[in-house]
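Beneath this line is the structure, given in structure tokens, with notes to follow.
Lettering of chains follows the sequences in order, A, B, ..., and the numbering in each one begins at 1.
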2 protein chains.
Amino acid sequence: MPAESELNTGVLLFLPYRALENRVFAALAEAGFDDFTPAQARVMQRIGPNGTRLTELAEQAQITKQTAGFLVDQLEKAGYVTRIPDPTDKRARLVCGARKAWEAKEVADGVVAEVEKEWEEHLGKRRMKQLREALTLLREITDPWA
Amino acid sequence: MPAESELNTGVLLFLPYRALENRVFAALAEAGFDDFTPAQARVMQRIGPNGTRLTELAEQAQITKQTAGFLVDQLEKAGYVTRIPDPTDKRARLVCGARKAWEAKEVADGVVAEVEKEWEEHLGKRRMKQLREALTLLREITDPWA
DNA sequence: GACAGTAGTCAGAGGCTCTGACTACTTTGG
DNA sequence: CCAAAGTAGTCAGAGCCTCTGACTACTGTC
């Protein structure tokens, strides 16, 4: 499926997404958080404040639980997460973010806010609001966990 | 960087992008185009009508030329592309889409159109137009090849 | 014509992801 | 209660993707 003259909405969505991700990653590396990978980050991102089960992380990241387990292993070794037994189910464990993860999140959030501000300056307040509104609405039919 | 209550614009962009990509991939597999991978597709997508150099494909896909070469090798074996000498530079070769690639593109384009229609129905014509407008504008500051 | 730069390849290593098979535990239904 | 079915997670093995570093061949400049 080679290039076309008119850009489809998919590419249009992907371009700013990638630009943002690149910025966040560069900033995290700059701040010393250079010991995890994009794949690990995509899992870590989905850990809830009280911990999340491996299977749930896998589903939301759309990867197999084996892959999720592999990635969480790395994150655990690097000190970003810990695993504690799930009190409600002896088979399960809860993956919890460690202090290091929340510190990284603060850096990431800062960059996201910065980039969003740049976008708002470029688009204007009104169009930025429309963009977020449309995307939020779109989530209803594109996000299985909405 | 664990989960948060408010979704940032990055996630909001990613969700529909992934949904669209999943749909396109499923449809291609359904139509018999099941012998290439997402990574190969992301390179193939960037081949121009008159062929494109490996280095250029690599830059636009944001991968190294070694990786691009690896992926083009697979695509060539699977019959999606051919490589012809670049008449203007004896070092270079042009990667060209084969008939099979253009056929796959037709299927992909069909699905994209279908999904875009669904989105338009969900958002309404006005908001869909605003979405594309905002994204196109955003491309100016997020796409190095804009 | 020497030299700096560019197009592409080769070799090696590591990371990501999958399928299939398995253990341990939970839930369901008789 | 207990047997069967289902779920959480792990282990093993394979293949794909991606990178860094080093290299050849050619181009363009001075």
Within this structure, what is the CD-to-P distance between B:Q40 and D:dC17, rounded to whole angstrom? 5 Å

Atom-to-atom span, CD1 of B:I84 to C1' of C:dA7 - whole angstrom: 15 Å

Just checking B:E56: base, sugar-phosphate only, or nothing, at a heavy-atom cut-off of under 4.0 Å? nothing

Could you check how far CD of A:Q74 sits from C1' of C:dG15, rounded to whole Å? 8 Å

Apply salt bridge (Lys or Arg N to Asp or Glu O under 4.0 Å) to B:R126 and list each qualifying residue two or more places apart in sequence or on a separate chain. none

Ring centres of B:Y17 and A:Y17 under 6.0 Å apart? no

A:A27: what forms a side chain to side chain contact (heavy atoms under 4.5 Å, CB included) with it, not counting sequence neighbours? A:V111

Going 5' to 3' through nucleotides 24-30 of chain D, assign each nucleotide B (protein heavy atom under 4.0 Å from a base atom), S (under 4.0 Å only from sugar-phosphate atoms) or - (no protein heavy atom that close). -BBS---

Distance check needed: D:dG9 C1' versus A:R83 CZ, whole Å only. 9 Å

Applying side chain to side chain contact (heavy atoms under 4.5 Å, CB included) to A:E133 and not counting sequence neighbours gives A:K129, B:R127

What bend angle does the helix from C:dG1-D:dC30 to C:dG30-D:dC1 show across its length, from five-pair end axes and to the nearest 10 degrees? 30°

Non-neighbouring partners of A:T136 that pass side chain to side chain contact (heavy atoms under 4.5 Å, CB included), sequence neighbours left out: B:L12

Between D:dC16 (C1') and B:L75 (CG): distance, integer Å: 13 Å

Partner set under side chain to side chain contact (heavy atoms under 4.5 Å, CB included) for B:A29, not counting sequence neighbours: B:D34

Any side-chain heavy atom of B:F14 within less than 4.5 Å of one from A:L13? no

Just to verify, what does A:K125 make a salt bridge (Lys or Arg N to Asp or Glu O under 4.0 Å) with, not counting sequence neighbours? A:E120

For A:F33, check ring-ring contact (aromatic ring centres under 6.0 Å, His included) against everything at least two apart and list the hits. none

Distance, rounded to the nearest Å, where B:K77 contributes NZ and D:dC17 contributes P: 11 Å

Pull out every residue in residues 57-72 of chain B that has a heavy atom closer than 4.0 Å to any atom of DNA chain C, ordered by number, or say none. B:K65, B:Q66

Separation of B:D73 atom CG from D:dC16 atom C1', in whole Å? 13 Å

Grab the CZ-C1' distance between A:F36 and C:dG15 for me, whole Å please. 15 Å

Please name all residues satisfying salt bridge (Lys or Arg N to Asp or Glu O under 4.0 Å) with A:E59, sequence neighbours left out, ordered by chain then number. none

Output the single nucleotide from C:dG15, C:dT9, C:dA7 whose closest atom is nearest the side chain of A:T37. C:dG15

Hits for salt bridge (Lys or Arg N to Asp or Glu O under 4.0 Å) against B:E116, two or more places apart or cross-chain, chain-then-number order -> B:R132

